[in-house]
Amino acid sequence: MDALDSAVKEIRETLPGLPLSEEEPMAKHSSFRIGGPVRAFAVPEDVTSFSRITHILKKHKLMPMVVGNCTNILFPDEGLKDLFIISTERMTRMFLLDDSRIYAEAGVSLSKLASFSCQHSLAGLEFASGIPGTVGGGVLMNAGAYGGEMKDVVESVVSYYLPEQKLYETPLENCGFGYRKSAFQTMAGCAIVSAVFRLEKGDRDEIAAKMKELNERRREKQPLDLPSAGSAFKRPEGYFAAKLIEECGLKGYTTGGAMVSEKHAGFVVNTGNACSHDVYDLMMHVRNTVWQMKGIELVPEIVILPPDYKLTDDSPSAPLHIISGSGPLSEADFSGAKE
Ligand SMILES: Cc1cc2nc3c(=O)[nH]c(=O)nc-3n(C[C@H](O)[C@H](O)[C@H](O)COP(=O)(O)OP(=O)(O)OC[C@H]3O[C@@H](n4cnc5c(N)ncnc54)[C@H](O)[C@@H]3O)c2cc1C
């Protein structure tokens with residue numbers, strides 16, 4: 001029996017009602033509909049059971065990966081045999097703190113947060129209503145759209161620091177927010193458990209109309225009928241990734257079941273039977289072509305997990321740069337992601 005077996009056994013005995021599955025296929029959870037089995041997948045209902053799970057894992061010298069709606073992750077087909085995943089999908093408490101602030105747990109979906117805000121005539125979260133992620137994933141990635149970002153509305157974030165088993169409250173000024181980044185990405189073992197949002201008093205009908213307009217724009221421009229993980233690459237400074245990709249003639253380019261969307265060249269979509277390697281190969285081809293033709297480096301926005309991925313005490317919480325370095329890529333750049 002290895003450490004993971006022992007930890008799973010102890011967690012089952014300590015928390016008998018906890019949904020905890022083994023060999024859980026990640027294709028079931030990922031918005032890409034891609035990904036083999038993860039060794040263990042637990043879904044705690046609140047911060048208390050979350051912390052009890054992590055306490056047992058720590059005892060066995062294990063570190064879990066925390067996920068939200070899995071709308072920004074490419075899981076490997078080979079599966080993740082050394083990984084314990086904790087999903088925040090049941091940590092969904094949300095309430096008003098006063099007339100301009102909302103408290104939301106990590107698993108609250110950004111669309112529910114935006115609707116709740118609208119119901120209470122609070123403006124500022126309209127941009128988030130069509131982003132399919134959660135509060136936790138959104139804060140970690142500083143998710144944004146149509147000129148708004150999480151950093152514009154977050155007042156503070158509560159995170160659970162796994163190595164110390166302690167909760168920390170981080171005010172906005174210490175969150176290290178930048179374009180699709182936050183300080184939480186580089187803090188090993190840092191799980192976001194909740195956030196407080198500060199919003200402006202507004203007119204409920206105007207807020208609802210703005211949300212409707214942005215969602216219509218999204219439906220018109222984005223390939224929402226096919227599985228994806230949103231924009232495949234970050235916006236390079238001074239350019240738009242989708243425009244560069246389109247100018248390189250890559251719209252509709254396919255590798256196996258993965259395709260550069262014909263509707264929006266910034267998206268890589270799963271046309272039905274894509275495997276994770278199709279997506280890696282396609283992203284590598286796009287990145288190389290854009291580098292060769294335009295001299296501009298595209299950096300992935302999607303979190304790409306290699307098959308041997310596991311977390312240790314000094315791992316970053318989000319492995320955002322599995323693809324690293326400037327310029328054309330070689331197979332070696334993907335060595336961690338290949339068999
Ligand atoms: C159709 C589509 C449209 C999209 N549009 C946009 C858009 O307009 N703007 C945008 O910014 N993004 C967009 N995305 C990408 C994605 O929805 C966002 O990045 C979102 O914030 C990810 O949230 P999540 O809960 O799904 O995170 P996940 O995909 O589950 O996780 C992403 C990363 O965050 C980490 N993480 C998740 N929760 C926690 C937590 N509680 N504590 C610590 N780490 C955590 C994970 O370990 C992982 O490293 C889109 C995706 C899709 C599929």
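Just follow the structure's listing: the first ligand is 1, and inside any ligand the first atom is 1.
A salt bridge links Glu155 to Arg198: one of the charged nitrogens lies within less than 4.0 Å of a carboxylate oxygen. The pair Arg219-Asp225 does not meet the salt-bridge criterion, since no charged nitrogen lies less than 4.0 angstrom from a carboxylate oxygen. Ion pair Glu45/Arg93 not flagged as a salt bridge, since none of the NZ, NE, NH1 or NH2 atoms sits closer than 4.0 Å to an Asp/Glu carboxylate oxygen. At a threshold of 4.0 Å, the pair Lys251-Glu246 counts as salt-bridged, since one of the basic side-chain nitrogens sits closer than that to a carboxylate oxygen.
With a 6.0 Å cutoff to the six-membered ring centre and a 45° limit on the axis angle, Arg101 does not count as a cation-pi contact of Phe197.
Classification of the Tyr103-Phe95 ring pair by plane angle, with boundaries at 30° and 60°, yields parallel. In this structure, Tyr168 and Tyr161 have perpendicular ring planes: the angle between them is above 60°, well past the 30° mark.
Other residues, nucleotides and ligands contribute over 12 non-hydrogen atoms within 6.0 Å of the OH atom of Tyr146.
The distance criterion of under 3.5 Å between nitrogen or oxygen atoms is met by Gly68 with respect to ligand 1. In terms of N/O distances under 3.5 Å, ligand 1 is not approached by Ser31. Polar contact with ligand 1: absent for Gly130 (N/O pair, distance under 3.5 Å). Ligand 1 has a nitrogen or oxygen under 3.5 angstrom from a nitrogen or oxygen of Val66. Ligand 1 has an N or O atom lying under 3.5 Å from an N or O atom of Arg218, backbone or side chain. For ligand 1, none of its N or O atoms has an N or O atom of Leu224 under 3.5 Å away. For Ser228, no nitrogen or oxygen atom sits less than 3.5 Å from a nitrogen or oxygen atom of ligand 1, counting backbone and side chain alike.
For ligand 1 and Ala143, the ligand atoms under 4.0 Å from any heavy atom of the residue are 11 (O), 21 (O). Using a 4.0 Å cut-off to heavy atoms of Gly136, the atoms of ligand 1 that qualify are 38 (N), 39 (C), 41 (N). Every atom of ligand 1 is numbered from 1 in the order shown, and the set under 4.0 Å from a heavy atom of Ala145 is 8 (O). Residue contact check: Ala191 has heavy atoms under 4.0 Å from atoms 42 (N), 43 (C) of ligand 1.
Partner of Cys248 under the side chain to side chain contact (heavy atoms under 4.5 Å, CB included) criterion, out of Lys243, Lys294, Gln292: Lys294 alone.
Using a 4.0 Å cut-off between heavy atoms, Ala106 contacts ligand 1 through its side chain alone, with no backbone atom that close. When non-hydrogen atoms are compared, ligand 1 lies under 4.0 Å from the backbone of Ala229 (N, CA, C, O) but not from its side chain. In Cys190, the part holding a heavy atom less than 4.0 Å from any atom of ligand 1 is the backbone. Residue contacts with ligand 1 for Gln185 are absent, since no atom lies close enough (heavy atoms, distance under 4.0 Å).
Contact annotation: the side chain of His29 never approaches that of Ile73 to less than 4.5 Å [non-hydrogen atoms, C-beta and beyond]. Ser111 has its side chain out of reach of Ile131: every pair of non-hydrogen atoms, C-beta onward, lies at least 4.5 Å apart.
The shell of residues lying under 4.0 angstrom from ligand 1, judged by heavy atoms, includes Arg180.
For atom 21 (O) of ligand 1, the nearest non-hydrogen atom from the set Ser30, Gly138, Gly133 belongs to Gly138. Considering each of Asn142, Leu110, Thr71, Ile131, the one bringing a non-hydrogen atom nearest atom 22 (C) of ligand 1 is Thr71. Here the shortest heavy-atom distance to atom 34 (O) of ligand 1, taken over Ile192, Leu140, Ile86, belongs to Leu140. Checking Ser194, Gly144, Pro227 against atom 11 (O) of ligand 1, the nearest heavy atom belongs to Gly144.
No side-chain donor-acceptor contact under 3.5 Å links Ser117 to the backbone of Leu113.
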